[in-house]
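To start, the structure under review is shown below, and the notes come after it.
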Amino acid sequence: MLFLKLGAISFGGPAAAIALMEDEVVRKRQWVTRQQFLDMLGLTNLIPGPNSTEMAINVGFARAGWAGLTVAGASFIAPAALITAAVAWAYVHFGTLPLAESLLAGVKPAVIAVIAIAVWRLGKIAVHDVWLGVLAALALAAFLAKLSPLLILFGGGLIGMVAKQVHKLRDKTSSGTTKLSAGLLLLKKSSLLPGLLTGAMAAVAGTPVTKRVPLARLGWFFLKVGAVLYGGGYVLFAFVEQGLVRDHHWLTQQQVLDAIAIGQFTPGPVLSTATFIGYLLGGAWGAVVATVAIFLPSFFYVAALGPILPRLRRSAWMAAFLDSVNVCAVALMAGVTVRLAGDALRGWPMWAIAVAALAVLSRWKINPAWVVLGGGLAGLALAAMR
């Protein structure tokens, strides 16, 4: 019941969700010590997947073993998945509504601004030397050239790992000293900060997808994404835009933007956007398959890799690999922002909304959900003035 409640009220992204967990399981219930909780948090930063969900899985495993792992993780995911599925049903069955179309027209440029701000802030943390900046630029170019995001992540990680060790070997040869650094996982998987469910229900518009995708193919796609998803929800959109829009032509650019917009207004992990996409492409069973597939790897990572990943992170080779993967994840986020902006920013009013959203997010620490909702209201106001 605790994680079901947390999943239903954890608006504000992974940081807010983790803070709520700490208050409940450390301070109030004393299920784990503060040191244990910090160790778990360190683990979630070392493996792919959503931080907040993996923290729930970790606490459940520490509290009640395998049964606790399953119950805690599933309970935390369920509220967002159910809410998103309900919105997806409305999106498909109500079809295009002029009022909702106007709202979404204003929401999309605001969403672009939210992603751009997140990319900028994460990039400043992740790109901490010249080499990582070069690697980020190469990864961005590769994504815009339509290379697979999976290849970019792992290829970039391997290149960065080798380059870092070659550089260290050169330093050792010239100075006679070895500079080893454990480092930190620099990219905290981000999430667009969700807000009001009422805003999500207003966004039940767009062109419904009538094509049904085989469930096995749908599940395999999201299983692969969940297994390698460094960078959280934004990187999910890079995989979706490349794989489902450009490679398979199962979705349109507009539908991806609609999925992102709807994802702003649900509590819990932003990866529940997979539920929305799954419903569009496969109905109710598609929503179930996509949701299970994208979250399933996190359960296995926490259970199987927990004991050994802290030791791997202390390895200079593994630290360099993870740092490089993180930089490539930021580059993927930047790439998908560029692509989606072409569809969202059509005409000066949409540019004005995007610039205003950027200004607000840069100046004040405000929940992005309010900015997205403000963009939707601006879209309605522009439509009323025509």
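These numbers were taken from a predicted model, which means no experiment stands behind them.
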Evaluate salt bridge (charged side-chain N to carboxylate O under 4.0 Å, His left out) for Glu241 paired with Arg246, printing each intermediate quantity in order.
CA-CA 7 Å; Glu241 200 272 346; Arg246 296 183 177 272; 2.9 Å; yes
Between Phe3 and Trp31, how do the two ring planes meet: parallel, tilted or perpendicular, split at 30° and 60°?
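Ring orientation of Phe3 relative to Trp31: tilted.
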Where do [X] and [Y] come nearest, in terms of heavy atoms and distance?
| X | Y | result |
| --- | --- | --- |
| Ile353 | Ala378 | CD1-CB, 3.9 Å |
| Leu358 | Ser362 | O-OG, 2.7 Å |
| Gly160 | Ser324 | CA-OG, 3.1 Å |
| Leu382 | Met350 | CD1-CE, 3.8 Å |
| Gly219 | Val289 | CA-CG1, 3.5 Å |
| Pro79 | Ser75 | CD-O, 3.0 Å |

Beyond-backbone contact of [X] with [Y], side-chain heavy atoms, under 4.5 angstrom:
| X | Y | value |
| --- | --- | --- |
| Val32 | Arg63 | no |
| Phe143 | Val338 | no |
| Ile277 | Val240 | yes |
| Thr273 | Thr84 | no |
| Leu281 | Leu244 | yes |
| Val25 | Leu2 | yes |

What's the separation between atom [atom1] in [X] and atom [atom2] in [Y], rounded to the nearest 0.5 Å?
| X | Y | atom1 | atom2 | result |
| --- | --- | --- | --- | --- |
| Met161 | Phe154 | CE | CZ | 11.0 Å |
| Phe222 | Thr291 | CZ | OG1 | 8.5 Å |
| Ile294 | Phe221 | CD1 | CZ | 8.0 Å |
| Lys28 | Gln30 | NZ | CD | 12.5 Å |
| Asn58 | Tyr301 | CG | OH | 14.5 Å |
| Met55 | Leu6 | CE | CG | 11.5 Å |

Could you tell me which residues satisfy side chain to side chain contact (heavy atoms under 4.5 Å, CB included) with [X], sequence neighbours excluded, listed by chain and number?
| X | result |
| --- | --- |
| Ala85 | Thr275 |
| Phe299 | Ile57, Leu69, Ile77, Phe295 |
| Ala383 | Ser102, Arg386 |
| Trp220 | Leu223, Lys224 |

Are [X] and [Y] connected, step by step, through hydrophobic side chains (Ile, Leu, Val, Met, Phe, Trp, Tyr) whose heavy atoms are closer than 4.5 Å?
| X | Y | answer |
| --- | --- | --- |
| Leu373 | Val360 | yes |
| Leu345 | Val371 | no |
| Leu82 | Tyr279 | no |
| Phe76 | Phe300 | no |
| Val288 | Leu296 | no |

List the residues meeting salt bridge (charged side-chain N to carboxylate O under 4.0 Å, His left out) with [X], not counting sequence neighbours, and say none if there are none.
| X | answer |
| --- | --- |
| Arg363 | none |
| Arg217 | none |
| Lys146 | none |

Sole residue of Val325, Leu229, Leu158 in side-chain contact (heavy atoms from CB on, under 4.5 Å) with Leu153:
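Output: one option passes, namely Val325.
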Taking side-chain hydrogen bond (donor to acceptor under 3.5 Å, both in side chains) as the definition, give me every residue that meets it alongside [X], ordered by chain and number, with sequence neighbours left out.
| X | answer |
| --- | --- |
| Thr53 | none |
| Asp129 | none |
| Ser298 | Glu54 |

Between Leu251 and Leu280, does the side chain to side chain contact (heavy atoms under 4.5 Å, CB included) criterion hold? Intermediate values first, please.
CA-CA 9 Å; Leu251 293 176; Leu280 295 187; 4.3 Å; yes
Clusters formed by hydrophobic residues whose side-chain heavy atoms approach within less than 4.5 Å: which one holds Trp120, and what are its other members?
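Joined to Trp120, directly or through intermediates: none.
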In the hydrophobic clustering that connects Ile, Leu, Val, Met, Phe, Trp and Tyr at side-chain heavy-atom distances below 4.5 Å, which members other than Leu4 occupy its cluster, ordered by chain and number?
Met1
Apply ring-ring contact (aromatic ring centres under 6.0 Å, His included) to residues Tyr91 and Phe276 and explain how you reach the verdict.
CA-CA 9 Å; Tyr91 182 96; Phe276 178 85; 5.1 Å; yes
Any chance CZ of Arg34 has more than 12 other-residue heavy atoms, nucleotides or ligands included, within less than 6.0 Å?
no
